[in-house]
Amino acid sequence: MYEQWVSRYEGDLVAKCYFAKHKLVWEVLDGGLKSKIEIQWSDICAMKVVSPENEPGILEIAVSFYR
């Protein structure tokens with residue numbers, strides 16, 4: 001499954017890395033409601049960053065939930 005969220009306003013899509021907890025957390029503000037997506041580092045199997053000059057960047061994360 002492929003999910004995509006495009007930020008419309010500054011601060012409505014925030015990614016946080018918690019090194020001590022070994023997790024990546026996405027916070028999404030939509031219509032005044034905040035949702036969180038928490039991903040354990042051990043579930044991340046691939047990452048790709050595309051950062052064109054003078055344009056917004058893209059972070060793609062492949063997650064595996066099978067252990």
Side-chain angles (χ1 to χ4, degrees):
M1 181 165 69
Y2 178 75
E3 290 288 328
Q4 178 177 337
W5 182 271
V6 178
S7 178
R8 290 175 284 190
Y9 308 103
E10 186 174 333
D12 65 353
L13 179 61
V14 177
K16 297 180 179 180
C17 268
Y18 291 101
F19 291 102
K21 296 180 180 180
H22 295 197
K23 69 171 67 171
L24 180 67
V25 177
W26 290 96
E27 294 178 352
V28 179
L29 185 61
D30 185 24
L33 297 174
K34 184 187 284 188
S35 299
K36 278 186 179 182
I37 301 169
E38 296 187 5
I39 304 169
Q40 295 294 324
W41 288 3
S42 59
D43 293 330
I44 297 173
C45 57
M47 295 177 77
K48 178 181 175 183
V49 176
V50 178
S51 184
E53 193 171 328
N54 299 321
E55 292 183 29
I58 298 170
L59 174 62
E60 294 181 9
I61 301 172
V63 180
S64 174
F65 292 106
Y66 304 104
R67 292 185 191 205

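Residue Leu33 is found outside any hydrophobic cluster, as its side-chain heavy atoms come under 4.5 Å of no other Ile, Leu, Val, Met, Phe, Trp or Tyr.
In terms of the side chain to side chain contact (heavy atoms under 4.5 Å, CB included) criterion, residue partners of Lys21 (sequence neighbours excluded) are, by chain and number, Tyr18, Lys23. Listed by chain and residue number, Cys45, Ala46 satisfy the side chain to side chain contact (heavy atoms under 4.5 Å, CB included) test with Ala62 (two or more places apart in sequence, or in another chain). With sequence neighbours left out, the salt bridge (Lys or Arg N to Asp or Glu O under 4.0 Å) criterion links Asp30 to Arg8. In this view, Ile37 and Trp26, Ile39 satisfy the side chain to side chain contact (heavy atoms under 4.5 Å, CB included) rule, not counting sequence neighbours. In this structure Lys34 satisfies the salt bridge (Lys or Arg N to Asp or Glu O under 4.0 Å) test together with Glu27, sequence neighbours excluded. With sequence neighbours left out, Pro52 forms a side chain to side chain contact (heavy atoms under 4.5 Å, CB included) with Val50, Glu55.
If you chain together hydrophobic residues whose side chains sit under 4.5 Å apart, Val14 and Ile61 never meet in one group.
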Checklist entry - Does the pair Val28 and Asp12 meet the rule for a side chain to side chain contact (heavy atoms under 4.5 Å, CB included), with working shown? => result CA-CA 6 Å; Val28 179; Asp12 65 353; over 6 Å; no
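Closest approach of Glu38 to Val25, counting heavy atoms only: CG-CG2, 3.9 Å.
Contact annotation: the side chain of Ile58 never approaches that of Val49 to less than 4.5 Å [non-hydrogen atoms, C-beta and beyond].
Using a 30° and 60° split on the angle between ring planes, His22 and Trp41 fall in the parallel class, below 30°.
Separating the CD1 atom in Ile44 from the OG atom in Ser64 is a distance of 11.5 Å, to the nearest 0.5 Å.
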